[in-house]
> 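I have a structure I would like to understand better, so I am pasting it below and will then ask my questions one at a time.
Values in this document were obtained by computation on a predicted structure and should not be read as measured data. Chain letters run A, B, ... following the sequence lines, proteins first, then strands; residues in each count from 1.
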Protein chains: 2
Amino acid sequence: MTTAEEKTRRTELIAAAARLFSEKGYERTTVRDLAQAVGMQSGSLFYHFRTKEEMLVAVMAAGIGDITDCLREALEDVHDPRERLTTLFRVHLNTLLGEDKGALSVLLYEWPSLSSKARDQLVPLRDEYETLWQDILNEAARAGLVPEDTSLLRRLVLGGLHWTIQWYNRQGSLSIDELADRMMALIVREPAKA
Amino acid sequence: MTTAEEKTRRTELIAAAARLFSEKGYERTTVRDLAQAVGMQSGSLFYHFRTKEEMLVAVMAAGIGDITDCLREALEDVHDPRERLTTLFRVHLNTLLGEDKGALSVLLYEWPSLSSKARDQLVPLRDEYETLWQDILNEAARAGLVPEDTSLLRRLVLGGLHWTIQWYNRQGSLSIDELADRMMALIVREPAKA
DNA sequence: CCGGAAGTCGAGCAGTTGCTCGGTTTTTTC
DNA sequence: GAAAAAACCGAGCAACTGCTCGACTTCCGG
């Protein structure tokens, strides 16, 4: 009740907004589209959210929150640096390309649509997630798995993974996990497995 | 006269559109903004372009055309695989992050704003550029400089480079060429220099 | 069964959008 | 220097935008 998601209508709205925003883009999605997607009239939206931008922020916040939680959980019982790296790639790509459409792709594409106040609100969440990445890459570098320049490596890899939404096709023969593994192979150095 | 850029007003318009689109985004830039940027009335735009989308297409086409020409020229007298790779990274990043603002960033961000007809028009140009990349990566792989999985490597690296527009700051201490070299170092394998 | 809170309706407002069009100015051409 | 072509003006239209608001409905505790 306190933090849990009991606000069914609100979360339903956020899910619909995530889908529409990622399909058509934020600017090209009208409040009437949003309302229709959950079967209400456009005016009723503003009982749940004060502005359209507030919906965008909600979608983005939910997106980073989810992937951060999801990654933390997946990493819990994994301690080998190489396996942690694998988990990192897999969780990220599955969240980005998975079937629940993409709150994450909204985050990547619609960032410029945010007012600066809204941005300030989201930056800490994004940083938290990127810190997770940074830590795991640092471990991997200490183990000799990846180059030392981990800060730049993080940016290179995250960019490369984000870009997959532009070309990856789930109908194709390449599964998401396979893709993750092959991507990882491109940046991992040789040193013995165990 | 035939192919050269004598259409001064039209090219001026394209340059202004490139700047505005990359600063504010396509949807948030109005035809009145565009007109004001070159000192005319909004109606006069439609003497040069039939629709606003036609301007977007023109900006994008000019963007890919420029970088393709630029890269071809830069590669002309370079034959060592490693040096060709360096040129590739440097030209790409300089075009993307350089001072002439970014027709390229418009290409990356506003792709979803295009109608399918407009997309069809631009795809061949984009493919031409990516083929250049593919060829050079294949050479590099044959020389043992990069992994064999060059098709995926191309996508990883291009994504990583595109992402730089999100975080790179030209006022910072890192020059564009330095950045390019360090990015390249992250994916190049050891084998002797000469 | 009542009272009020939570949620929804839907007409409509004020502003903005891309684009049109008849007319005027500027430039080119012979 | 007149005719024709190219370029521009600017009022304005029709459609759409995010958002408001008073009235209505639904739900639930006392």
> Rounded to whole angstrom units, what separation is found between the CZ atom of A/Phe49 and the C1' atom of D/dC19?
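Spelled out: CZ on A/Phe49 to C1' on D/dC19 is 15 Å.
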
> With the threshold set at 4.0 Å, does a side-chain nitrogen-carboxylate oxygen contact exist between A/Arg19 and A/Glu23?
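A/Glu23 and A/Arg19: salt-bridged.
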
> For A/Leu56 and D/dG18, give me the distance from atom CG to atom P, rounded to whole Å.
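Between P of D/dG18 and CG of A/Leu56: 12 Å.
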
> Can you check the A/Glu12 CD to C/dT8 P distance for me, whole Å?
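For the pair A/Glu12 CD and C/dT8 P, the rounded distance is 9 Å.
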
> Should A/Ser44 be listed as having a side-chain N or O under 4.0 Å from OP1 or OP2 of C/dC9?
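Answer yes for this pair, as a side-chain N or O of A/Ser44 is under 4.0 Å from OP1 or OP2.
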
> Drop me the distance from A/Leu104's CG to A/Asn94's CG, to the nearest 0.5 angstrom.
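Answer for the CG-CG pair, A/Leu104 versus A/Asn94, is 11.5 Å.
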
> Please classify the nucleic acid contact of B/Ser42 as base, sugar-phosphate, or nothing, using heavy-atom distances under 4.0 Å.
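Base contact.
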
> Decide whether a cation-pi geometry holds between A/Lys52 and A/Phe46; the criteria are a distance under 6.0 Å from NZ or CZ to the six-membered ring centre and an angle within 45° of the ring axis.
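No, A/Lys52 and A/Phe46 do not form such a contact.
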
> Rounded to whole Å, how long is the line connecting atom CZ of B/Phe46 with atom P of D/dC9?
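Atom CZ in B/Phe46 sits about 14 Å away from atom P in D/dC9.
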
> Rounding to a whole Å, what distance do you find between A/Lys52:NZ and D/dT17:C1'?
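Taking atom C1' of D/dT17 as the reference, NZ of A/Lys52 is at 8 Å.
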
> Should the ring pair A/Tyr129 and A/His92 be called parallel, tilted or perpendicular, given that the plane angle runs from 0 to 90° and is split at 30 and 60?
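Plane angle under 30°, so parallel.
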
> Under the side chain to side chain contact (heavy atoms under 4.5 Å, CB included) test against A/Phe89, which residue among A/Leu179, A/Leu161, A/Ile176 passes?
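Option passing the side chain to side chain contact (heavy atoms under 4.5 Å, CB included) with A/Phe89: A/Leu161.
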
> Please determine if B/Arg155 forms a cation-pi arrangement with A/Trp167, meaning its NZ or CZ atom is less than 6.0 Å from the six-membered ring centre and no more than 45° off the ring axis.
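Because its charged atom sits under 6.0 Å from the ring centre and within 45° of the axis, B/Arg155 does stack over A/Trp167.
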
> Which nucleotide in the set C/dT8, D/dG18, C/dC19 lies at the smallest distance from any side-chain heavy atom of A/Arg9?
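Nearest nucleotide to the side chain: C/dT8.
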
> Near DNA chain C, counting only heavy atoms under 4.0 Å, which residues of residues 17-40 of chain A show up?
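By residue number: A/Arg32, A/Met40.
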
> To the nearest 0.5 Å, tell me how far B/Glu83 CD sits from B/Arg90 CZ.
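It comes to 10.0 Å.
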
> Between P on C/dT8 and CZ on A/Arg10, what's the gap in Å once rounded to a whole number?
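Interatomic distance, CZ of A/Arg10 to P of C/dT8: 13 Å.
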
> Would B/Arg142 and B/Glu139 pass as an ion pair if we require N to O under 4.0 Å?
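No.
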
> Flag the pair B/Asp33 and B/Arg28 as a salt bridge only when some basic side-chain nitrogen lies within less than 4.0 angstrom of an acidic carboxylate oxygen.
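No salt bridge links B/Asp33 with B/Arg28.
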
> Let me know the distance between CD of B/Gln41 and P of D/dG12, rounded to the nearest Å.
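The distance from CD of B/Gln41 to P of D/dG12 comes to 14 Å, rounded to the nearest Å.
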
> Below the 4.0 Å mark, does C/dA6 have OP1 or OP2 next to a side-chain nitrogen or oxygen of A/His48?
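No, A/His48 has no side-chain N/O under 4.0 Å of OP1/OP2 on C/dA6.
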
> Pull out every protein N or O sitting under 3.5 Å from an N or O of nucleotides 3-6 of chain D, one pair per line with the distance.
none

